[in-house]
J.: 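Can you keep this structure in mind? I'll have questions shortly.
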Amino acid sequence: MQWYYSKNGTQLGPVAQGELISKLASGEVSPADLVWKDGMGDWIPASQVAELRTTSAAAPVSTIPAESPATPYSAPTSPYSPPVASGEVITNWLWQSIVVAVLCCPVCGIPGIVYAAKVDGLKVAGDIEGAKAAAAKAKMWTLIGFGVSAAFWIIYIVGMIVVGVGAAAASSPTP
């Protein structure tokens, strides 16, 4: 059984049950730290999970799960976000970056897409700070691309107006 746990607002895992019990016994994970596994409705303190309580000082650490998962790191089936205590949502900016790349400025939209594509993978891996940094860069490139496009169209429209006024003035008869 694969477990996930939270330390200082950062998701970590997956780890085997024996490894999590060992981390609890050594103090690396405190009984107040939140834990979650597939099938649980919500994150709860480790002290409230009967499966994680042990009578021995240290449980054996198992690095090889009993059942080999299809992928090296299988993510929980529930929406994976930081533990409920933080309640923070990290927007990946993917669709916005795609719109900027297609309709506005591919030079800025493509880096936005690259960073946006990293956000969810970093969240699942438990790297919340990395996910935040990637989301910030995706947002930056998306907004720069939109700004460049808006500036281009403003300059273009003003230029067309100036050219039109100049052409109109040049074609009017002089007295």
J.: What pairs with W141 under side chain to side chain contact (heavy atoms under 4.5 Å, CB included), at least two apart in sequence or on another chain?
T.: C108, P111, Y115

J.: Using every non-hydrogen atom in the two residues, find where I90 and A135 come nearest and quote the distance to one decimal.
T.: CG2-CB, 3.8 Å

J.: Tell me which pairs pass salt bridge (Lys or Arg N to Asp or Glu O under 4.0 Å) where either residue lies in residues 3-18, with sequence neighbours left out.
T.: K7-D33

J.: Hey, could you give me each pair passing side-chain hydrogen bond (donor to acceptor under 3.5 Å, both in side chains) that has a residue in residues 95-104? Not counting sequence neighbours.
T.: S97-T142

J.: I need the minimum non-hydrogen distance between A138 and G112, along with the two atoms involved.
T.: CB-O, 3.6 Å

J.: Just jot down the side-chain hydrogen bond (donor to acceptor under 3.5 Å, both in side chains) partners of D127, sequence neighbours excluded, or say none.
T.: none

J.: Indicate if L94 and L122 have the same hydrophobic cluster label, given that clusters are the connected sets of ILVMFWY residues with side-chain heavy-atom separations under 4.5 angstrom.
T.: no

J.: Are M140 and V107 joined in one hydrophobic group, where the rule is that I, L, V, M, F, W and Y side chains link up if heavy atoms are under 4.5 Å apart?
T.: no

J.: Flag yes if I113 and V119 sit in one hydrophobic cluster, no otherwise; membership is Ile, Leu, Val, Met, Phe, Trp, Tyr, and two members link when side-chain heavy atoms are under 4.5 Å apart.
T.: no

J.: Search all heavy atoms of K118 against all heavy atoms of A134 and return the closest pair with its distance.
T.: CB-CB, 4.3 Å

J.: Find the distance between CD1 (I161) and CD1 (I157) and round it off to the nearest 0.5 Å.
T.: 7.0 Å

J.: What residues, two or more places apart in sequence or in another chain, satisfy side chain to side chain contact (heavy atoms under 4.5 Å, CB included) together with P31?
T.: S47

J.: Parallel, tilted or perpendicular for W153 and Y156, by the 30°/60° rule?
T.: perpendicular

J.: Are V49 and Y5 linked, directly or through intermediate hydrophobic residues, by side-chain heavy-atom contacts shorter than 4.5 Å (ILVMFWY only)?
T.: yes

J.: Tell me, yes or no, whether the heavy-atom count around K37 atom NZ, taken from other residues, nucleotides or ligands under 6.0 Å, exceeds 12.
T.: yes

J.: Are the side chains of L34 and P45 in contact, using a 4.5 Å heavy-atom criterion?
T.: yes

J.: Please list all pairs passing the salt bridge (Lys or Arg N to Asp or Glu O under 4.0 Å) test where one or both residues lie in residues 95-113, with sequence neighbours left out.
T.: none

J.: Minimum heavy-atom separation for L52 and I21, please, with both atom names.
T.: O-CG1, 3.8 Å

J.: Assigning hydrophobic clusters by single linkage (Ile, Leu, Val, Met, Phe, Trp, Tyr; side-chain heavy-atom cutoff under 4.5 Å), is F152 placed with V148?
T.: no

J.: Taking all non-hydrogen atoms of both residues into account, name the closest pair between E51 and Q17 and its distance.
T.: O-NE2, 3.2 Å

J.: On a heavy-atom basis, which atom in A101 and which in P106 lie closest, and how many Å separate them?
T.: O-CG, 3.4 Å

J.: State, yes or no, whether a side-chain contact exists between M40 and W3 at a heavy-atom distance under 4.5 Å.
T.: yes

J.: Mind checking the CG-CG spacing from L20 to L12? Nearest 0.5 Å is all I need.
T.: 10.5 Å

